[in-house]
**Q** 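Right, I'll just put the structure down here and ask away after.
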Amino acid sequence: MASLAHPSSQTHLFTKLSHQPKKFTPPSRIRMSLQENAPSLAVVGVTGAVGQEFLSVLSDRDFPYRSIKMLASKRSAGKQLTFQDRNYTIEELTEDSFDGVDIALFSAGGSISKHFGPVAVDKGAIVVDNSSAFRMEEGIPLVIPEVNPEAMEGIKVGMRKGALIANPNCSTIICLMAATPLHRHAKVQRMVVSTYQAASGAGAAAMEELELQTREVLEGKPPTCNIFKQQYAFNLFSHNAPILSNGYNEEEMKLVKETRKIWNDMNVKVTATCIRVPVMRAHAESINLQFQQPLDEDMAKDILKSAPGVVVIDDRASNHFPTPLEVSNKDNVAVGRIRRDLSQDGNKGLDIFVCGDQIRKGAALNAIQIAEMLL
C-alpha cells in the first residue's frame, strides 16, 4: 500500500488529518457523524492518497458511523492518526479485521482487494472497492451514483449479508459524469476519448516524484525515475498501463469496457487514448460524441447545466474553460468547449472538454456516495 506523502505548501498534495482544521467548518458546528445507531466502517489502505481522501470526504459530508477502523499494511500498523478530533491507531489488515464491520472502503490495490474483499463480504460487510479487481465481474455492480444507481438496488446496510460494489476507474467516472446526461437525451452511438491524466492517478509516490523531478530538472540534475521509467516533469507520454495485444493499454480498455457495463449497452462504440501529463492533481479529457438523435450545442449546454455533479465552464468570449487547477479538491466535474462537431452532419456530433479531480470524484467521493446509498 502506498504511504502518505508529506504535505507540501506549494503543491497541496494532501493535508494530514492529524492537524487539519476543516476549512469550511464554523467553530460552533456540532458534528453529527458519530452515532450509536450508525454503521461501523473500515478504511482499507488508509495511509494512501485515496485512503486519506476517504477520510476527508467522510468528514466533509458528515457521514454517520458508530466506529471506524483504520487499516493498512504491517509497516504502517501502530502509527497514530487523528480524525475528527479523535485519535486512532492504524491496524494491520488481516482476515480478522472485518468482524462487526458494516461498510468497508477499499483502496489498497487489486491484489489486496482480491484477497480481502471476499473475506470482508463473508463476514457480512458491504465492500466498496476502488481497485479494478471486480469491475468487470458479472453480478458485481459497477456504480456511479449520478449515472446508474439502479445497479445496486436492494443492497443496504442491515440486510445481514455482505456484498461487493465496484468503484469505476477514475477516467470512466469523469467521462461519464459529462457524457451520460447527453446520452440520455440523444443516445451516444460512438465516443472518442483522449485523456490528460495527472500524477494523482498513480498515487502519492508519483505525485512526490513529479515534484522532485521538477526541482531536479530546473536545477540541471538528471531526474529521479522510480515510479515512471522516463522523465515526467516537462514531458508527457502514453499512460503507463500495460499494452495489450490489440495495441490499446489497460487504462484505455477500462474506459471501453466500463462504459458499456455502466450504460448497459454492449453496442456503444468507444475508443480511447490515455496520456500522462505533468499535472499534480485532476484529470482532463477531450470527448467527441456521435449521437443517434440530433443534439445542438445550446441544448447540450442546458442539459449539462442541470446535471447533478456537473458544472459548466464555457466562456468563449474570455477563452475560459475547465482546467485541472480549478477542479482540484472540488466535488463537481467541470465541462466546457461545448461545440458542434463540424465533421458530422445534422447536429449529431459534439465535442466537449471535461476536468475532474481524480482523487475526489474519480475515487473517494464516488465511493462515499455509494456508501451513502447503502444507508
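By convention here, the first residue in the shown sequence is residue 1.
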**Q** Got Leu81 and Thr47 here, is their nearest side-chain heavy-atom distance under 4.5 Å?
**A** no
**Q** Hey, what do you get for CG (Leu142) to CD1 (Ile262), rounding to the nearest 0.5 Å?
**A**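 So the gap between those two atoms works out to 4.0 Å.
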**Q** Kindly say whether Ala198 contributes a backbone atom to a donor-acceptor pair with the side chain of Arg276 at under 3.5 angstrom?
**A** yes
**Q** Determine whether Leu374 and Ile165 make a side-chain contact, defined as any pair of heavy atoms from C-beta on separated by less than 4.5 Å.
**A**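 Leu374 vs Ile165: side chains touch.
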**Q** Count the heavy atoms of every other residue, nucleotide or ligand shown that sit under 6.0 Å from CE of Met136, and state whether that count exceeds 12.
**A** yes
**Q** Any carboxylate oxygen within less than 4.0 angstrom of a Lys/Arg side-chain nitrogen, looking at Arg281 and Asp357?
**A** yes
**Q** Quick one: CG on Leu350 to CG on Asn288, what's the gap to the nearest 0.5 Å?
**A** 8.5 Å
**Q** Closest heavy-atom contact between Ala371 and Leu105?
**A**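 In this case the closest contact between Ala371 and Leu105 is CB-CD2, 4.4 Å.
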**Q** Looking just at side-chain N and O atoms, do Asp102 and Ser40 make a donor-acceptor pair shorter than 3.5 Å?
**A** yes
**Q** Could I get the full list of side-chain hydrogen bond (donor to acceptor under 3.5 Å, both in side chains) partners for Ser238, not counting sequence neighbours?
**A** none
**Q** If you look only at pairs with a residue in residues 221-241, which of them pass as a salt bridge (charged side-chain N to carboxylate O under 4.0 Å, His left out), with sequence neighbours excluded?
**A**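 Sorted result for residues 221-241: Glu219-Lys221.
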**Q** So if you build clusters from Ile, Leu, Val, Met, Phe, Trp, Tyr with side-chain heavy-atom gaps below 4.5 Å, do Leu365 and Val50 land together?
**A** yes
**Q** Step by step, work out the salt bridge (Lys or Arg N to Asp or Glu O under 4.0 Å) result for Asp331 and Arg360.
**A** CA-CA 6 Å; Asp331 289 351; Arg360 203 153 177 101; 2.5 Å; yes
**Q** Glu92: what forms a side chain to side chain contact (heavy atoms under 4.5 Å, CB included) with it, not counting sequence neighbours?
**A** Lys74, Ala77, Thr94
**Q** Please check this pair: side chain of Tyr248 against backbone of Val256, looking for a donor-acceptor N/O pair closer than 3.5 Å.
**A**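 Such a contact is absent between Tyr248 side chain and Val256 backbone.
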**Q** Starting at CG of Leu304, measure out to CG of Asp314 and round the result to the nearest 0.5 Å.
**A** 9.5 Å
**Q** Less than 4.5 Å apart, any side-chain heavy atom of Leu58 and any of Tyr65?
**A** no
**Q** Can you confirm whether more than 12 heavy atoms, excluding those of Asn264, are under 6.0 Å from its CG atom?
**A**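 No, because the 6.0 Å sphere around CG of Asn264 holds 12 heavy atoms or fewer from other groups.
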**Q** Which residues pass the side-chain hydrogen bond (donor to acceptor under 3.5 Å, both in side chains) test with Ser306, not counting sequence neighbours?
**A**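 For Ser306 there are no side-chain hydrogen bond (donor to acceptor under 3.5 Å, both in side chains) partners, ignoring immediate neighbours.
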**Q** How about Thr195 and Leu255: do any of their side-chain heavy atoms sit closer than 4.5 Å?
**A**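 Result yes, sub-4.5 Å side-chain heavy-atom pair found.
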**Q** Going by side chain to side chain donor-acceptor pair (under 3.5 Å), name the pairs with one or both residues in residues 363-375, residues two or more places apart or in two chains.
**A**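 Output for this query lists Arg61-Glu372, Glu146-Gln369, Asn167-Asn366, Lys361-Asn366, Lys361-Gln369.
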**Q** Only pairs at least two apart or in different chains count here, so list each salt bridge (charged side-chain N to carboxylate O under 4.0 Å, His left out) that has a residue in residues 128-144.
**A**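 For residues 128-144, and leaving out neighbouring residues, the salt bridge (charged side-chain N to carboxylate O under 4.0 Å, His left out) pairs sorted by first residue read Arg135-Glu258.
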**Q** I'd like to check the side chain to side chain contact (heavy atoms under 4.5 Å, CB included) partners of Asp99; sequence neighbours left out, ordered by chain and number.
**A** Asp96, Lys123
**Q** Any side-chain to backbone donor/acceptor pair from Gln189 onto Val268? Under 3.5 Å, distance only.
**A** no
**Q** Is the shortest side-chain heavy-atom distance between Leu182 and Val188 below 4.5 Å?
**A**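 They are not in side-chain contact.
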**Q** Closer than 3.5 angstrom, by distance alone: can the side chain of Asp296 be matched with the main-chain N or O of Met299 as a donor-acceptor pair?
**A**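 Yes: the side chain of Asp296 pairs with the backbone of Met299.
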**Q** Please identify which of these residues, Met207, Arg215, Gln213, meets the side-chain contact (heavy atoms from CB on, under 4.5 Å) condition with Glu211.
**A**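 So the option named by the test is Arg215.
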**Q** Is there side-chain contact between Glu251 and Asn240, with heavy atoms separated by less than 4.5 Å?
**A**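 Not in contact.
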**Q** What's the verdict on side-chain contact (heavy atoms from CB on, under 4.5 Å) for Val354 and Val310, showing C-alpha distance, side-chain angles and the deciding distance?
**A** CA-CA 10 Å; Val354 182; Val310 173; over 6 Å; no
**Q** Test side-chain contact (heavy atoms from CB on, under 4.5 Å) on Ile243 and Asn249; report intermediate values, then the result.
**A** CA-CA 4 Å; Ile243 301 288; Asn249 63 42; 3.7 Å; yes
**Q** Got a sec, which residues hit side chain to side chain contact (heavy atoms under 4.5 Å, CB included) with Thr89, two or more places apart in sequence or on another chain?
**A**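 Thr89: side chain to side chain contact (heavy atoms under 4.5 Å, CB included) contacts with Gln80.
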**Q** Do side-chain atoms of Arg66 reach the backbone of Asn37 as a donor and acceptor pair under 3.5 angstrom?
**A**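 Checked: no pair found.
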**Q** Report yes or no: do Ser97 and Glu91 form a side-chain donor-acceptor pair below 3.5 Å?
**A**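 There is no such pair (donor and acceptor under 3.5 Å, judged by atom type) between the side chains of Ser97 and Glu91.
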**Q** Among residues at least two apart in sequence or on other chains, which ones pass side chain to side chain contact (heavy atoms under 4.5 Å, CB included) with Lys156?
**A**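 So Lys156 forms no side chain to side chain contact (heavy atoms under 4.5 Å, CB included) with any residue.
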**Q** Determine whether more than 12 heavy atoms belonging to other residues, nucleotides or ligands lie under 6.0 Å from atom CD of Glu153.
**A**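 No, the 6.0 Å shell around CD holds no more than 12 heavy atoms from other groups.
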**Q** Between OG of Ser107 and CD of Gln52, what distance do you get to the nearest 0.5 Å?
**A** 11.5 Å
**Q** Centres of the Phe106 and Phe98 rings: under 6.0 Å?
**A**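 Under 6.0 Å, so yes.
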**Q** Under a 3.5 Å distance rule, please check whether Ser328 uses its side chain to pair with a backbone N or O of Pro324 as donor and acceptor.
**A** yes
**Q** Please check: side-chain N/O of Lys330 versus main-chain N/O of Glu326, any donor-acceptor pairing under 3.5 Å?
**A**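 Judged by distance alone, yes, a pair lies under 3.5 Å.
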**Q** My understanding is that only residues two or more places apart in sequence, or in another chain, count here; which of them pass side-chain hydrogen bond (donor to acceptor under 3.5 Å, both in side chains) with Asp315?
**A** Ser318
**Q** Could you check whether any side-chain N or O of Arg86 sits under 3.5 Å from a backbone N or O of Gln84, counting only pairs where one atom can act as donor and the other as acceptor?
**A**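 Absent.
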**Q** Name all pairs fulfilling the ring pair (Phe, Tyr, Trp, His ring centres under 6.0 Å) condition that reach into residues 157-183, sequence neighbours left out, sorted by first residue then second.
**A** His183-Trp263
**Q** Is the shortest side-chain N to carboxylate O distance from Lys301 to Glu297 below 4.0 Å?
**A** no
**Q** Between Gln293 and His185, does any side-chain donor sit less than 3.5 Å from a side-chain acceptor?
**A** no
**Q** Could you go through Leu295 and Ile303, starting from their C-alpha distance and side-chain angles, then the distance that decides it, and tell me whether this counts as side-chain contact (heavy atoms from CB on, under 4.5 Å)?
**A** CA-CA 10 Å; Leu295 177 60; Ile303 290 167; 3.9 Å; yes
**Q** Show, in sequence, the C-alpha distance, side-chain angles and deciding distance for Ile287 and Phe353, and conclude whether the side-chain contact (heavy atoms from CB on, under 4.5 Å) test is met.
**A** CA-CA 6 Å; Ile287 305 170; Phe353 187 73; over 6 Å; no
**Q** How about Thr259 and Thr172: do any of their side-chain heavy atoms sit closer than 4.5 Å?
**A**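 Yes; the side chains approach each other to less than 4.5 Å.
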**Q** Tell me, with the steps shown, if Glu250 and His239 meet side chain to side chain donor-acceptor pair (under 3.5 Å).
**A** CA-CA 9 Å; Glu250 284 184 357; His239 193 283; over 6 Å; no
**Q** Not counting sequence neighbours, which residues clear side-chain hydrogen bond (donor to acceptor under 3.5 Å, both in side chains) with Ser286? List them please.
**A** none
**Q** Any sub-3.5 Å donor-acceptor pair from Glu209's side-chain atoms to Asn226's backbone N or O?
**A** yes
**Q** Met191 versus Cys175: any side-chain heavy-atom pair under 4.5 Å?
**A**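 Yes - at least one pair of side-chain heavy atoms lies under 4.5 Å apart.
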